[in-house]
There are 2 protein chains.
Amino acid sequence: MSDEPGLRERKKQRTRQALSDTAVELFLKRGFDQVSVADVAAAVEVSKPTLFRYFPAKEDLVLHRIADHQGEAARVVSGRTAGQSPLGALRAHFHERLEAHDPITGLNDNPTVRAFNDMVYTTPSLLARLVRYSGRDEELLAGALVEASGSDALTAGLAAAQIITVHQRLARENWRKLADGRGVGEALPEAHADADRAYDLLGAGLGAEFDR
Amino acid sequence: MSDEPGLRERKKQRTRQALSDTAVELFLKRGFDQVSVADVAAAVEVSKPTLFRYFPAKEDLVLHRIADHQGEAARVVSGRTAGQSPLGALRAHFHERLEAHDPITGLNDNPTVRAFNDMVYTTPSLLARLVRYSGRDEELLAGALVEASGSDALTAGLAAAQIITVHQRLARENWRKLADGRGVGEALPEAHADADRAYDLLGAGLGAEFDR
DNA sequence: AATCTTTTGTTACTCGGTTGCATTTTCGGG
DNA sequence: CCCGAAAATGCAACCGAGTAACAAAAGATT
């Protein structure tokens with residue numbers, strides 16, 4: 001039973017891709033707020049309602065790529081190797097993503113990726129929408145943490161919130177390094193150090209610094 | 001030099017107040033999304049552009065009250081009594097707010113306050129806007145923490161992010177307790193315990209639970 | 001009272017997003 | 001191969017948030 005996608009499904013995928021690609025291209029060229037959804041629809045030769053049947057909001061034309069990463073933290077925890085702690089697995093994974101120059105770490109100097117990150121981090125409506133995605137991410141991670149360590153829901157929830165928050169700060173920090181004109185060669189070691197600092201803090205708490 | 005506000009200024013304050021009050025009243029009665037800004041403007045007998053001269057967005061008709069609390073965490077740290085740690089001051093302050101049934105803690109069973117919180121926590125656009133306010137709060141707290149403990153910007157930024165995040169979770173948790181039908185009498189002790197748990201975790205880190 | 005400045009109302013517009021309905025396109029079975 | 005159901009699209013009109021331009025009104029100043 002080969003389940004070929006079928007013509008209809010293939011066309012849909014192509015339209016979806018065309019919409020997202022064209023949109024991002026236009027947004028990067030002229031700015032997110034300077035391009036209307038009608039412009040995007042016209043460029044793809046599709047009607048406005050059709051565009052919204054594919055993407056529920058203008059922001060999603062940009063963010064669905066990031067949204068695809070959803071649940072990554074939870075998966076890392078669930079899929080960690082035996083004997084590894086949840087926090088250890090997350091730390092290791094973050095270093096890996098950094099080393100791979102994964103765009104979501106903010107550390108990638110491909111011009112297009114950089115422009116993309118600039119756009120996301122400087123456009124309020126995109127940032128706002130991004131937060132909603134993180135909310136889901138947080139829930140999933142909380143679930144994985146309960147599973148992994150048997151802690152109560154509140155503790156796991158608090159931990160998940162802190163971890164996701166820290167990831168966001170780190171990514172933003174990395175983006176800022178590049179935005180300030182530093183090169184990846186210079187920024188990467190700093191980013192690793194920052195990540196270690198952040199995870200040390202997560203693990204050992206704020207007490208040593210802020211409770212004496 | 002008595003600097004009386006002057007008629008103009010007084011009128012402006014009154015209009016602003018009327019807009020906010022009327023808006024909240026209508027929103028609570030019929031739902032945030034079921035009331036248009038035109039409705040609010042009409043009810044106050046003011047034109048739509050005038051409304052937007054007072055509040056930059058519909059959401060701010062609701063949130064400006066919360067926004068007025070902005071920088072509270074930073075102030076608590078800056079204004080802590082001698083010999084008190086930043087974290088200790090914040091913890092104590094949170095318990096105080098809880099005891100005072102401050103609406104921002106989520107724990108208040110006045111029907112209007114409850115309806116207000118229900119609205120804020122269940123309306124995505126309000127939630128999104130709230131996040132932006134917290135962002136500012138976070139920056140301010142980070143600044144205060146640098147001042148207070150001489151830590152570097154990254155550490156202070158991470159700490160501030162974690163603290164603000166935890167406050168949000170606690171408030172949301174408290175709101176949920178009430179939303180689930182529990183009374184304040186029952187929920188308050190739990191809320192204190194939750195807060196202690198959260199601050200213990202903040203101080204001592206996630207290591208003990210998630211790094212073994 | 002005359003004037004200057006700030007605030008307001010009116011009208012009209014842009015843009016994101018939705019709705020209803022007719023039309024086209026794909027799929028599936030005979 | 002054809003025909004009908006189901007899905008996807010287009011069209012046109014609409015709603016609500018927010019803004020721009022400009023004229024009218026009201027408070028402040030001398």
Side-chain angles (χ1 to χ4, degrees), chain A residues 1-20 22-24 26-27 30-64 119 123-130 132, chain B residues 1-20 22-24 26-27 30-64 119 123-130 132:
Chain A
M1 41 179 76
S2 71
D3 68 74
E4 300 260 340
L7 175 54
R8 183 139 70 198
E9 203 56 31
R10 260 180 293 145
K11 268 199 166 179
K12 273 173 61 174
Q13 293 309 328
R14 232 183 307 141
T15 303
R16 185 181 167 84
Q17 197 63 40
L19 280 170
S20 169
T22 310
V24 170
L26 291 177
F27 292 158
R30 306 193 340 237
F32 184 78
D33 293 317
Q34 275 61 57
V35 177
S36 74
V37 294
D39 292 339
V40 176
V44 184
E45 292 183 300
V46 147
S47 74
K48 198 168 55 144
T50 295
L51 183 153
F52 282 108
R53 281 178 199 117
Y54 283 91
F55 296 93
K58 185 185 184 187
E59 288 77 20
D60 295 311
L61 285 163
V62 174
L63 296 180
H64 79 101
M119 174 171 70
T123 307
S125 64
L126 288 174
L127 231 34
R129 192 109 187 153
L130 204 49
R132 284 171 58 173
Chain B
M1 48 176 73
S2 74
D3 74 71
E4 301 260 337
L7 175 54
R8 182 139 68 198
E9 202 57 29
R10 261 180 293 147
K11 269 199 166 180
K12 273 172 65 177
Q13 293 309 327
R14 234 185 305 145
T15 303
R16 186 182 168 82
Q17 197 62 40
L19 280 169
S20 169
T22 310
V24 170
L26 291 177
F27 293 158
R30 300 179 4 222
F32 184 78
D33 292 317
Q34 275 61 57
V35 177
S36 75
V37 295
D39 293 339
V40 176
V44 185
E45 293 183 296
V46 146
S47 73
K48 197 168 56 146
T50 295
L51 184 155
F52 281 109
R53 281 176 201 122
Y54 282 91
F55 296 93
K58 185 186 183 186
E59 288 77 18
D60 296 311
L61 285 164
V62 174
L63 297 179
H64 80 100
M119 173 171 73
T123 307
S125 65
L126 287 175
L127 231 36
R129 192 108 186 155
L130 203 49
R132 283 172 59 177

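All values derive from a computational prediction rather than experimental measurement. Chain naming here is simple, since letters A, B, ... match the order of the sequence lines and numbering starts at 1 in each.
For the pair B:Lys58 NZ and C:dC15 P, the computed distance is 21 Å after rounding to whole Å. In this structure, A:Glu59 places its CD atom 15 Å from P of C:dC15, rounding to the nearest Å. Rounded to an integer number of Å, the gap from B:Leu126 CG to D:dA17 P is 12 Å. One interatomic measurement links the two molecules: CG of B:Asp33 to P of D:dG16, which rounds to 11 Å at whole-angstrom precision. Here the C1' atom of nucleotide D:dA8 and the NZ atom of A:Lys12 are 8 Å apart, to the nearest Å. Spacing between atom CD of A:Gln13 and atom P of D:dA8 amounts to 11 Å, rounded to whole angstrom units. The CZ atom of A:Phe52 sits 13 Å away from the P atom of C:dC15 (whole-angstrom rounding). Taking atom CZ of A:Arg10 as the reference point, atom P of D:dA8 lies 15 Å away to the nearest angstrom.
One distance of note links CZ of B:Phe27 with OG1 of B:Thr123; it measures 9.5 Å at 0.5 Å rounding. Taken to the nearest 0.5 Å, the NZ atom of A:Lys58 stands 8.5 Å off from the CG atom of A:Leu126.
Counting any heavy atom pair closer than 4.0 Å across all strands shown, B:Phe55 reaches no nucleic acid atom. As judged by a 4.0 angstrom heavy-atom cut-off over every strand, A:Val40 is placed among residues making no nucleic acid contact.
Every residue meeting the side-chain hydrogen bond (donor to acceptor under 3.5 Å, both in side chains) condition with B:Ser20, not counting sequence neighbours, appears here in chain and number order: B:His64. When the side-chain hydrogen bond (donor to acceptor under 3.5 Å, both in side chains) test is applied to A:Asp39, the partners found at least two apart in sequence or on another chain are A:Arg30, A:Ser36. Qualifying side-chain hydrogen bond (donor to acceptor under 3.5 Å, both in side chains) partners for B:Thr50, counting only residues two or more places apart in sequence or in other chains: B:Ser47, B:Arg53. B:Phe52 meets the ring-ring contact (aromatic ring centres under 6.0 Å, His included) test with no other residue; sequence neighbours excluded.
Side-chain contact between A:Arg10 and A:Gln13: absent, with no pair of heavy atoms (C-beta onward) separated by less than 4.5 Å. Looking only at side-chain heavy atoms (C-beta outward), A:Thr22 and A:Leu26 come within less than 4.5 Å of each other.
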Summary of protein contacts for nucleotides 25-30 of chain D, nucleotide by nucleotide, where a base hit scores B, a sugar-phosphate-only hit scores S (4.0 Å, heavy atoms): --BS--
All N/O pairs under 3.5 Å across the protein-nucleotides 9-11 of chain C interface:
{"residue": "C:dG9", "atom": "OP2", "partner": "B:Ser47", "partner atom": "N", "Å": "3.1"}
{"residue": "C:dG9", "atom": "OP2", "partner": "B:Ser47", "partner atom": "OG", "Å": "3.2"}
{"residue": "C:dG9", "atom": "OP2", "partner": "B:Thr50", "partner atom": "OG1", "Å": "2.6"}
{"residue": "C:dG9", "atom": "O6", "partner": "B:Arg53", "partner atom": "NH2", "Å": "3.0"}

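Residue A:Glu45 places its CD atom among 12 or fewer non-hydrogen atoms of other residues, nucleotides or ligands, all under 6.0 Å distant.
Side-chain N/O atoms of A:Tyr54 include none lying less than 4.0 angstrom from OP1 or OP2 on D:dA8.
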